[in-house]
Participant: 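The structure follows.
Only a predicted model underlies this, so the values are computations on that prediction, with no experimental measurement involved.
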Amino acid sequence: MDSLRKLRPDLTPWRSSRDFRLLWSSGSISSFGSLITYVAVPLQIKQLTGSYFAVGAIGLVELVPLIVFGLWGGALADAVDRRKLVLGTEAGLGLLTGLLLLNALLPHPLLWPVYLATALVAALDGLQRPALDTLIPRVVAHDQLTAAFALVSVYRSFNMVAGPALAGVLVSYAGPAPAFAVDLASYACSLVLLFRMREVPPPTGAEKPSLAGIVAGVRYARSRPELLGTYLVDIAAMFFAFPNAIFPFLADRLHAHWALGLLYGASAIGSLLVSATAGWASQVHRHGRMVVLAALLWGAAMTGAGLSTSIWPVLLCLAVAGGADQVSGMGRSTMWNQSIPDELRGRLAGVELLSYSVGPQLGQLRAGSMAGAVGVRGSVWLGGVACLVSVAGLAAALPRLLSYDARTDPHAVAVRAAREAEQRLAA
């Protein structure tokens, strides 16, 4: 019975925090719509151009806005009410989805508005994500952070299955406009729930957003090799082995047009299985090892996906990769949230955003460019091999990442003591 309990999701954050329930519900609805658009945009570009590079260029278009606004969004998250920042950017993202919808309804949709809206979405996402990530440590107890992240991952993983599957059907049979319409409706529902949350003011004595503050956050990240290792491992894994941009072409190559939605959703099935059985994760303390081993499994699974010649082995490998990515994500998120001081949390969340977003954006460009040179399947399996080599090299070069232990790490101990003192004062 004890072993079975360890496989059940820990619902303590959901039961104990009203604001976490609202944040979870808002995120579950909003991410479902966003993932529909995530699939609809490359499909629309493929329909308009038929070009590998044009689809892969989505990552290039998103890159600069993510870097600039991700870092600035982190500084803002340390200086303003995080709830208000999330609300404002959520409204802006809804407006941009409306722009995509209007363009899709034209008799002859234009390509440049799709790229423009994609770049602006990346900018707003960069502003929003640090505030969104730093809300969770403010609305749940310190010892519930791993459980909270696992619960968030449940809806993200489920939506990664359901969203792409619905998008594939909608775009294939009715074009991208209905997909964008569903996303627009999801933003409206999300905003209603976010309005009901309590204010989340910045920490006492918070610095005003400034370039100097951003630099201080980057310096702090650089001063901690174990944190730096999580960023670098994730960037390497995503850059070399994130082939999502070429899935429409991979479906063609495997003669499985019907399976496009499954290609996008397969990794999420693996992620969902891990999330739904993640009670064990709260017992893990060596999160650096957790991150490295999961990233190696991700690379191995992507190698297998590229070498497979039929759709079902490919889907199985992608599901394994998704499960590995979920394990890595739990390790990274727990390490970050348990060991970074609250007054730096927003700026470090901006750095984190770059680590888990810039890698996929560059990875899309790599996958699209490489597919033109070595073929679609070659782009996938060669990327998986490069992931294995780079992650192994980083692990060897950063021993502090492998030795990290949340029970004894001085940063984690200090943050835990600060949160306990804050809770005693609140009581």
Participant: When rounded to the nearest 0.5 angstrom, what distance separates CZ in Phe247 from CG in Leu318?
Facilitator: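 The CZ atom of Phe247 sits 5.0 Å away from the CG atom of Leu318.
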Participant: Among Ile246, Val314, Val39, find the one that has a side chain to side chain contact (heavy atoms under 4.5 Å, CB included) with Leu263.
Facilitator: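 Filter result, single survivor: Val314.
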Participant: For the aromatic rings, using the six-membered ring if either is Trp, is the centroid distance between Phe240 and Trp298 under 6.0 Å?
Facilitator: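 No - the distance between ring centres of Phe240 and Trp298 does not fall below the 6.0 Å cut-off.
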Participant: Once rounded to the nearest 0.5 Å, what's the spacing between atom CE of Met238 and atom CG of Asn244?
Facilitator: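 Between Met238 CE and Asn244 CG, I get 9.0 Å after rounding to 0.5 Å.
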Participant: Working to the nearest 0.5 Å, report the span between CG of Leu76 and CG of Asp81.
Facilitator: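 Nearest 0.5 Å value for the CG-CG distance: 12.0 Å.
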Participant: How close do Arg377 and Gly306 get, counting heavy atoms only, and between which atoms?
Facilitator: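 Heavy atoms of Arg377 and Gly306 come nearest at NE-O, 3.3 Å.
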Participant: Distance from Asp19 atom CG to Arg83 atom CZ, nearest 0.5 Å?
Facilitator: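 The CZ atom of Arg83 is 9.0 Å from CG of Asp19, to the nearest 0.5 Å.
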Participant: Find the distance between CG (Leu127) and CG (Leu66) and round it off to the nearest 0.5 Å.
Facilitator: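 Leu127 CG to Leu66 CG: 10.0 Å, rounded to 0.5 Å.
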Participant: Taking side chain as C-beta onward, heavy atoms only, is Thr230 less than 4.5 Å from Glu226?
Facilitator: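 They are not in contact (no side-chain heavy atoms under 4.5 Å apart), so the answer is no.
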Participant: Do Val274 and Met330 come within less than 4.5 Å of each other through their side chains, counting heavy atoms only?
Facilitator: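 Side chain of Val274 against side chain of Met330, heavy atoms only: contact under 4.5 Å found.
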Participant: Quick check for you: to the nearest 0.5 Å, what is the distance between Leu95 atom CG and Leu184 atom CG?
Facilitator: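 Rounded to the nearest 0.5 Å, the CG-CG separation comes to 8.5 Å.
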Participant: Would you mind listing every side-chain hydrogen bond (donor to acceptor under 3.5 Å, both in side chains) that reaches into residues 304-322, with sequence neighbours excluded?
Facilitator: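 Qualifying pairs, neighbours excluded: none.
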Participant: Could you tell me whether the side chain of Asn103 reaches within less than 4.5 Å of the side chain of Phe180, counting heavy atoms only?
Facilitator: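 Side-chain contact under 4.5 Å: no.
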Participant: Which heavy-atom pair separates Ala91 from Leu191 by the least distance, and what is that distance?
Facilitator: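 Heavy atoms only, the tightest pair is N-CD2, 3.9 Å.
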Participant: So which heavy atom on Phe158 is nearest to which on Leu272, and how close?
Facilitator: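 Looking at all heavy atoms of both residues, the closest pair is N-CD1, 3.9 Å.
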Participant: With Ser26 as reference, evaluate Ser190, Ser31, Ser186 under the side-chain hydrogen bond (donor to acceptor under 3.5 Å, both in side chains) test and give the passing residue.
Facilitator: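 Of all the options given, the one that passes is Ser190.
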Participant: Can you list the residues that meet the ring-ring contact (aromatic ring centres under 6.0 Å, His included) rule with Tyr187, with sequence neighbours excluded?
Facilitator: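 Applying ring-ring contact (aromatic ring centres under 6.0 Å, His included) to Tyr187 gives none.
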